[in-house]
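Inspection log for the structure reproduced underneath, given as structure tokens.
For clarity, every value in this text was computed on a predicted model and none was experimentally measured. Both counts, for ligands and for their atoms, begin at 1 and track the order of listing.
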Amino acid sequence: MRSTISVIKADVGGLAGHHMVPEQLLEVARNSLADGKKSGIIEDFHVTAVGDDLQLIMSHTKGENNEEVHSLAWNTLKKAADVAEKLGLYGAGQDLLKDTFSGNVKGMGPGVAEIEMEERPSEPIVVFMADKTSPGAFNLPLFRVFADPFNTAGLVIDPSMHSGFTFEIMDVYENRIVKLNAPEELYDILALVGSIGRYIIRRVYRRSDEETAAAVSTTKLNLIAGKYVGKDDPVAIVRAQHGFPALGEILEPFSFPHLVPGWMRGSHYGPLMPVSVGDARPSRFDGPPRICALGFILHEARLIGPSDLFSDPAFDETRRKANIIADYMRRHGPFMPHRVESQEMEYTTLPSVLEKLKERFEELEE
Ligand code: F6R
Ligand code: MG
Ligand code: MG
């Protein structure tokens, strides 16, 4: 049967700052999605939070970009935002940028990742959710999962994966996409996706049958709103096993806490720390950036699970290393490369400082 998994998320208000989503909001979201399930819009759901982002994980049979499903998600986030407002939570409704719903939540603020698929007899799925970073954070790990044979043994030894994967890469500044094939075009892929602020891996397809293997949310809130209104903390969905990378091959790249932009005021590079959902409450300098992974089985459009995949001592050393890297990066204070490039900064006083100093700059004669 054809099933769809939709992950729609937004920061609709946090407790004690841009820190965590309190139980009251999770409860509103659960009740709202339970109504949606009762009325047959969705078949199943799981509500969770990573940092200050409320995450709606939904399964259904209505396909991607479905108006009813998106409307249910939008109304659910709205209800949670109303409660956030009543409780005086910080940044209530901050990611909900439009007042009226018009068919699709894309471009309205929330992050969206969806995959419609022909369900296999067993359909293992990983849902990744990050806080205090942006969609480019997935470039390095997804490249490694789907193109690096030193990470993914299956690329070498599983006949069903041996022909490789196609990367759909989005240029977020020009709003265009390009599809490139691994392994032949590896160097072209890397030439683009190494620029994590501009070229974002948006989808990955298996080349043998063009089945979708992965989808990433590519909403850039700063570009939507014309000005920066919040970090576009990304989500991603990856299918696992039997012709796709094994669960452990999908998680393996996250054992390296690579540097991603985000963290304090969306303006600092820091290590991406894999944590359990319970530990996704960034506090040190509003970070460091976190990534959570929930494992599900999608069966007859129902969600079985989840398993909290980074809740594993095998990632303890990664977390320790991330803390060491966080210390090292913090020692740079306001200096690059801890601070991001000027055009990527969520906040910047640079234009006003330059304006103020305009008259005091002198031409150099030599
Ligand atoms: C980063 C983030 C936080 C805030 C910071 C200042 O994505 O959400 O680091 O940028 O806490 O927040 P405001 O300006 O709301 O006081
Ligand atoms: Mg926030
Ligand atoms: Mg957030």
Give a yes or no on whether the ring-centroid distance for Tyr328 and His332 is below 6.0 angstrom.
-> yes

Relative to the ring of Phe254, is the ring of Phe138 parallel (under 30°), tilted (30 to 60°) or perpendicular (over 60°)?
-> perpendicular

Gly266 neighbourhood, listing ligand 1 atoms whose heavy-atom distance to it stays under 4.0 Å = 1 (C), 7 (O)

Working to the nearest 0.5 Å, report the span between CD1 of Ile57 and CG of Leu294.
-> 5.0 Å

Residue portion contacting ligand 1 (non-hydrogen atoms closer than 4.0 Å) for Trp263 | backbone

Among Glu211, Glu116, Glu249, find the residue that satisfies the salt bridge (charged side-chain N to carboxylate O under 4.0 Å, His left out) test when tested with Arg239.
-> Glu211

Rounded to the nearest 0.5 Å, how far does CE of Met117 lie from CD of Glu64?
-> 8.5 Å

How open is the angle at the Mg ion (ligand 3) from atom OD1 of Asp52 over to atom OD2 of Asp233, rounded to 10 degrees?
-> 170°

Phe128 and Phe310 aromatic ring geometry - parallel, tilted or perpendicular at 30°/60° bounds | tilted

Would you mind listing which atoms of ligand 1 come within a distance below 4.0 Å of any non-hydrogen atom of Tyr90?
-> 13 (P), 15 (O), 16 (O)

Sub-4.0 Å heavy-atom approach of Gly17 to ligand 1 = no

Please round to the nearest 0.5 Å and tell me the distance separating atom NE2 of His70 and atom OG of Ser6.
-> 5.5 Å

What atoms of ligand 1 come closer than 4.0 angstrom to any heavy atom of Met264?
-> 9 (O)

With a cut-off of 2.8 Å, does any N, O or S atom of Asp131 fall short of it relative to the Mg ion (ligand 3)?
-> yes

Measure from the Mg ion (ligand 2) to every N/O/S atom of His18 and report the name of the nearest one.
-> ND1

Ring-face cation contact, Phe244 with Arg206, 6.0 Å cut, 45° max | yes

N, O or S atom within Asp11 nearest to the Mg ion (ligand 2), by name = OD2

So CZ of Arg202 and CZ of Phe167: to nearest 0.5 Å the spacing works out to 15.0 Å

Relative to atom 5 (C) of ligand 1, which among Asp233, Thr133, Asp286 owns the nearest non-hydrogen atom?
-> Asp286

With the Mg ion (ligand 3) as the reference point, give the N/O/S atom of Asp53 that is nearest.
-> OD2

Residue portion contacting ligand 1 (non-hydrogen atoms closer than 4.0 Å) for Arg265 | both

Does Phe285 have a heavy atom less than 4.0 Å from any atom of ligand 1?
-> no

